[in-house]
Amino acid sequence: MRTQMNGYVVSDDDAELYRYFGFSVVSPRDVRQAIADNPEGEPLTLEVNSGGGSMFAGYEIYTILKAAGIPTEVEIQSLAGSAMSVAAIGADVVRASPVAQFMIHLPSLRTEGDSVEHKRSLQALASFKASVLNAYELKCAGKKTRGELDAMLRAETWMPVQDAMAAGFVDAVLYDEDGVIASQAVMCAQSGIRALATAGGLPDAAELRARKAEMDKGGNPPPQEPEGDKNALALAKARLELLKNM
């Protein structure tokens, strides 16, 4: 069976809220349901196109795939980035399109408060990074050391399929039966590229809940395309910035 693992990675609690406002999202529950619905004796193929999202939801999807009990395959059609780079490698086999990108970077966290709170955030971020490195190190299986993977996280590393294969994140290239695409080492980390991937990010779930509550009071229907125009504009600006930095 084939299913999609596209859009922003979000928690189960937030998934329906974002869908209500028209966002494309994937949550751990979606993956659990796909595993439950998969016909007996067939592999489950997950088509991936995601720039990431919730770190902990990505961790959960990774663990669900590891424990699936059925053959699982991921096909990266365009991008597996950030939280999705962790989620996707939980599958037994990871394949990628010749035009796909794999992106990894350090976890991030917003902090408000005094110096003690900020120190706690730094400690938490160090712990989050260790969890990410655990998953990457297991997948790469010696092709990259933990220190090398750490450096790649710090650099915010974008990888074409050749580099992702050389590092061990990707197992095979789709449509490349003759092995034409050779391994090579080309890494890029430009601010414009990061802007392109993160343009039009999700608004805060609490903000959307407040908006929905106000709409429910007035009996108003959900917005049709309130964020779409903003996202398109942000994406266009990011593309312009990318061109400036190339």
Contact check, side chains of D176 and P98, non-hydrogen atoms, under 4.5 Å: no

Could you tell me if the side chain of K144 sits less than 4.5 Å from the side chain of M152, heavy atoms only? yes

With a 4.0 Å cut-off on N to O distance, would you call K217 and E214 a salt bridge? yes

Under a single-linkage definition using a 4.5 Å side-chain heavy-atom cutoff for Ile, Leu, Val, Met, Phe, Trp and Tyr, are V99 and M5 assigned to the same hydrophobic cluster? no

Salt bridge present between K139 and D171 (N-O < 4.0 angstrom): yes

Over all atoms of both residues, closest heavy-atom pair of E73 and P43: OE2-CB, 4.3 Å

For D37, the side-chain hydrogen bond (donor to acceptor under 3.5 Å, both in side chains) test, sequence neighbours excluded, returns Q33

Rounded to the nearest 0.5 angstrom, the CH2-CE distance for W158 and M103 is 4.5 Å

In terms of side-chain heavy atoms, does T157 have a donor or acceptor partner in H105 at a distance below 3.5 Å? no

Are any of the side-chain nitrogens in D12 or R19 under 4.0 Å away from the carboxylate oxygens of its partner? no

Within-4.5 Å side-chain heavy-atom neighbours: R2 and E47: yes

Donor-acceptor pair, distance only, cut-off 3.5 Å: does the side chain of Y8 make one with the backbone of G51? no

Show the nearest heavy-atom pair for residues V48 and L79, with the distance to one decimal. CG1-O, 3.7 Å

With no hydrogens and no angle check, is any side-chain donor or acceptor of D92 less than 3.5 Å from a backbone partner on T72? yes

Connected via hydrophobic side-chain network under 4.5 Å: V86 and L106: yes

Interatomic spacing from CE in M55 to OG in S108 - rounded to 0.5 Å: 8.5 Å

Side-chain (T63) to main-chain (Y59) donor-acceptor, under 3.5 angstrom: yes

First locate atom CG of L138, then atom CD1 of I89, and finally report the distance between them rounded to the nearest 0.5 Å. 8.0 Å

Taking E137 first and then R146, would you say they form a salt bridge - that is, a charged N and a carboxylate O separated by under 4.0 Å? yes

Stepwise side chain to side chain contact (heavy atoms under 4.5 Å, CB included) check, V10 with L17: CA-CA 10 Å; V10 300; L17 178 67; over 6 Å; no

Stepwise side chain to side chain contact (heavy atoms under 4.5 Å, CB included) check, V93 with V74: CA-CA 6 Å; V93 178; V74 155; over 6 Å; no

According to a 4.5 Å side-chain heavy-atom criterion applied to Ile, Leu, Val, Met, Phe, Trp and Tyr, with indirect links allowed, do I61 and M1 form part of one hydrophobic cluster? yes

Less than 4.5 Å apart, any side-chain heavy atom of L133 and any of L153? yes

For a 4.5 angstrom cut-off between non-hydrogen side-chain atoms, does M84 reach I76? no

NZ or CZ of K212 within 45° of F21 ring axis and under 6.0 Å: no

Shortest non-hydrogen separation from S11 to S54 and the atoms involved: N-CB, 4.5 Å

For the student: nearest non-hydrogen atoms of A205 and Y18, plus distance: N-OH, 3.2 Å

Residues A57 and V9: closest non-hydrogen pair is CB-CG1, 3.7 Å

Look at the rings of F169 and F102 and say which category their plane angle falls in: under 30° parallel, 30 to 60° tilted, over 60° perpendicular. parallel

Dump the intermediate steps for side chain to side chain contact (heavy atoms under 4.5 Å, CB included) on T45 and T3, then the final yes or no. CA-CA 6 Å; T45 301; T3 190; over 6 Å; no

Using distance alone, with no hydrogens and no angle criterion, decide if S85 and Y136 have a side-chain donor and acceptor under 3.5 Å apart. yes

Please examine the side chains of V173 and R95, heavy atoms only from C-beta on, and report whether any two atoms are closer than 4.5 Å. no

Just checking E112: does its CD atom have more than 12 heavy atoms from other residues, nucleotides or ligands closer to it than 6.0 angstrom? no

Do N6 and S50 have side-chain atoms, one donor and one acceptor, less than 3.5 Å apart? no

Salt bridge present between R32 and E60 (N-O < 4.0 angstrom): yes

Give a yes or no on whether a salt bridge exists between R209 and D14, defined as a side-chain N under 4.0 angstrom from a carboxylate O. yes

Kindly indicate, with the supporting measurements, whether the criterion side chain to side chain contact (heavy atoms under 4.5 Å, CB included) is fulfilled by M215 and Y20. CA-CA 12 Å; M215 291 164 57; Y20 178 86; 3.8 Å; yes

Would you say the side chain of D30 lies within less than 4.5 Å of the side chain of V25, judging by non-hydrogen atoms? no

Is there side-chain contact between T145 and L149, with at least one heavy-atom pair below 4.5 Å? no

Check whether L125 and F56 end up in the same hydrophobic cluster, where Ile, Leu, Val, Met, Phe, Trp and Tyr are linked by side-chain heavy atoms less than 4.5 Å apart. yes

Minimum heavy-atom distance between M159 and A164, given as atom pair plus value: CB-N, 3.9 Å

